[in-house]
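Written out below as C-alpha cells is the structure these notes cover.
To find a chain, count down the sequence lines: A is the first, B the second, and so on, and within it residues start at 1.
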2 protein chains.
Amino acid sequence: MRIGEVAALVGITSRAVRHYHHIGLLPEPARRANGYRAYTVRDAVLLARIRRLTELGLGLDEVRDVLADDAGRDLAEVLGELDADLARQERELAERRRQLARLLDGPLSDLGPVSPELAELLGAAAATDSPTAVKDREHLVLLDGAGGSAEVYAALRPLAEDPAVVALYERLDELAGAPADDPRIGPLAAELVAAVPAGVFDAIPYGGDPHPGIGAALLADYPPAQAEVVRRVMAAMTARMRERR
Amino acid sequence: MRIGEVAALVGITSRAVRHYHHIGLLPEPARRANGYRAYTVRDAVLLARIRRLTELGLGLDEVRDVLADDAGRDLAEVLGELDADLARQERELAERRRQLARLLDGPLSDLGPVSPELAELLGAAAATDSPTAVKDREHLVLLDGAGGSAEVYAALRPLAEDPAVVALYERLDELAGAPADDPRIGPLAAELVAAVPAGVFDAIPYGGDPHPGIGAALLADYPPAQAEVVRRVMAAMTARMRERR
DNA sequence: CTTGACCTTGTCGTGGCGTCAAGGTTTCTA
DNA sequence: TAGAAACCTTGACGCCACGACAAGGTCAAG
C-alpha cells in the first residue's frame, strides 16, 4: 500500500502518518524503487491501534508507552488515568457553562460580564451620569474580578439605593478643576466616610496592604482636588479597618 | 502601577499582559523614565474584562471583537455561540467517556482496544496458536477500526465457534513453505469458501473496490501458497457479493 | 555594597498535525 | 502522445496562549 491508501484504510490523513514516522511512533516502512513508502498490513494494524488510542484522547507519547509495553495491564492503568482526566475536564466544562448560564440569565452590564451579585447591586443603584460615579462603579467591577465578595455588595446595598449619594458624587464632580487645597475637600470627605454603612468594614476581607503602586495609580486617576478627597476617604477607611482587627 | 502589580490585581501573569500588548489586544501604556510600563486604573479595568472573557473560554481574537463593538448586543451573541460550542465539547467528552467505560468494562484484547462487539466475537472464538488464525484476527481488528459492523460479527459468530475451523487454519499454516502451485491449494480454498456462512455476504457493507493497493498488500503479507489460497477465497467472495447487487 | 525582587526585549517550546512550496511519479484521458 | 489529475517526496511555517529561559537594567532594603 502507498501512504494515502493505508491512511484512508484506517481513517486518518497521510500527513498524520508521516508525523508518526517523524516522531518515531511508527517505524519507517521499506521504500519502493521510486521512493514511495510501501506499507504492509502490519503497519495498517498498528496505525489502527494508534488511531483508536488517540481518539480516546491519549497523547502520542502516551500511545507510544502503551504500544511499548505490550502487556494489557499498563493499558488499563493509562486508561484509568485518562478517565480521571476526562472527568476533571468534564467538571471544568460544566462549571464554565454554569457561569455562562448565570451571565446570560441576568442583565448584561455594559461594563462587561460581572458576577450576578454585582450586576444586581449595579442594577439597584440610582441611575446617574456623574463621571465619578461611573469611575466608582468601574472600580467595583475591577474588584469583582479580583474576587469581590457578595457580603460587601450586600453591605453596600443601602448606600447604593440612597438617593442622597448621587448628590455626593455630583459634589465630587464639581471638584474636577479645583486646586488641591480647595476648602470643599474636607467636608465632602467627612460626609463620604459617614455615608458608608458600618457593615461594609466587617464585610471587606482585609488581607494587608497589597501593593503601594495600586493606591498611587488609583489617586493618579483623579484630578488633584478629587484625588485629595479620595485619599482622605481611603485613609479613614483603612484606619477604621485596622481598628477592627 | 507596574506590570506585576496590575497583573496581580487582576489575577493574571505579567507575561500574559505583555502578550496582550504584543498582539494588540491591550494598548501599550506610557513608560516611566526607566522604561517600565506605567499602568492606570483604566488598564486594570480593561484587563479584568479580558480575564473574565478568556476564563469563559473565548479566544483572544474573540475577546478583541467583543471589546471592539462596545455594544452588549454582540457580547450576548458571542456568548451564545460559545455556549453552543461548550455544549458540543461536553457531548464529545461524555461520548469518549462512554467509549472508555465500555472498553474498561469488557475484557481488554491483547490486540489493543476494540469495539465490544468484536471483543465478544474474539472471546467466543476457539483458542488456537495458528499463525494464520492470529493474522486473520488482526485483519478483523483492522476492519473494526475502519467502521466494522456488528452485523458482520454476528454473522461470523457460528464460524468462530465451529471447532472445525481450527483445522482449516492449520491446513493453511502447513502451506507456509509450499510453492504457489501446491495441489492442496484448490481444495482448501474451496472448503474455506464453503465454510463462510451465507449471512456474511448480506452483512458486509459493499462500497465498491476501495483501492487496489490494499488487496495487493494483503496478499504480500502471506507466503506464496497461502497467498494463492487467500486470493482465490477473496475472488470467490467478491464475485458472490457482486451477484447480490 | 550586596542581595533580591522587580523590570526590559527576544527567542524557543508546547501538541498534533494543516497547509503551503517546489518538485517527481504514475495513471487516466483526449 | 501529450497533458492533466492525482498521487508521492522533503521541508518549513502556522496554530493558540502563553511558560520558560537568557541576558541584561533598575530599584529599595539591609
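- Residues forming a ring pair (Phe, Tyr, Trp, His ring centres under 6.0 Å) with A:His139 (at least two apart in sequence, or on another chain): none.
- A salt bridge is absent between B:Arg64 and B:Asp61; no separation between the charged side-chain nitrogens and carboxylate oxygens falls under 4.0 Å.
- Contacts with DNA chain C (heavy atom under 4.0 Å) in residues 10-32 of chain A: A:Thr13, A:Arg15, A:Ala16, A:His19, A:Tyr20, listed by number.
- A salt bridge between A:Glu95 and A:Arg91 is absent, with no side-chain N of the basic residue lying under 4.0 Å from a carboxylate O of the acidic one.
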Could you go through residues 18-26 of chain A and list every donor-acceptor pair under 3.5 Å that involves a side-chain atom there, pairing it with any protein atom two or more places apart or in another chain?
unit_1, atom_1, unit_2, atom_2, d
A:His21, ND1, A:Leu26, O, 3.0
A:His21, ND1, A:Pro27, O, 3.4
A:His21, NE2, A:Tyr39, OH, 2.7

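- Proximity of residues 81-96 of chain A to DNA chain C (heavy atom under 4.0 angstrom from any strand atom) is not detected for any residue.
- Salt-bridge annotation for A:Asp43 and A:Arg37: absent, with no side-chain N of the basic residue lying under 4.0 Å from a carboxylate O of the acidic one.
- Here the nucleotide nearest the side chain of B:Leu60, chosen from D:dC18, C:dC7, C:dG16, is D:dC18.
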Please list, one pair per line, the donor and acceptor atoms closer than 3.5 Å that link side chains of residues 214-231 of chain B to other protein atoms, with sequence neighbours excluded.
unit_1, atom_1, unit_2, atom_2, d
B:Asp221, OD1, A:Arg42, NH2, 3.4
B:Gln226, NE2, B:Leu172, O, 2.9
B:Glu228, OE1, B:Arg231, NE, 3.3
B:Glu228, OE2, B:Arg231, NH2, 2.8
B:Glu228, OE2, B:Arg232, NE, 3.0

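- Between the B:Arg51 side chain and the B:Ile12 main chain, no donor and acceptor come within less than 3.5 Å of each other.
- In plain terms, the two heavy atoms of B:Ile185 and B:Pro179 that are nearest each other are CD1-O, 4.2 Å.
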In 5'-to-3' order, the base (B), backbone-only (S) or no-contact (-) status of each nucleotide in nucleotides 25-30 of chain D, using a 4.0 angstrom heavy-atom cut-off, is BBS---

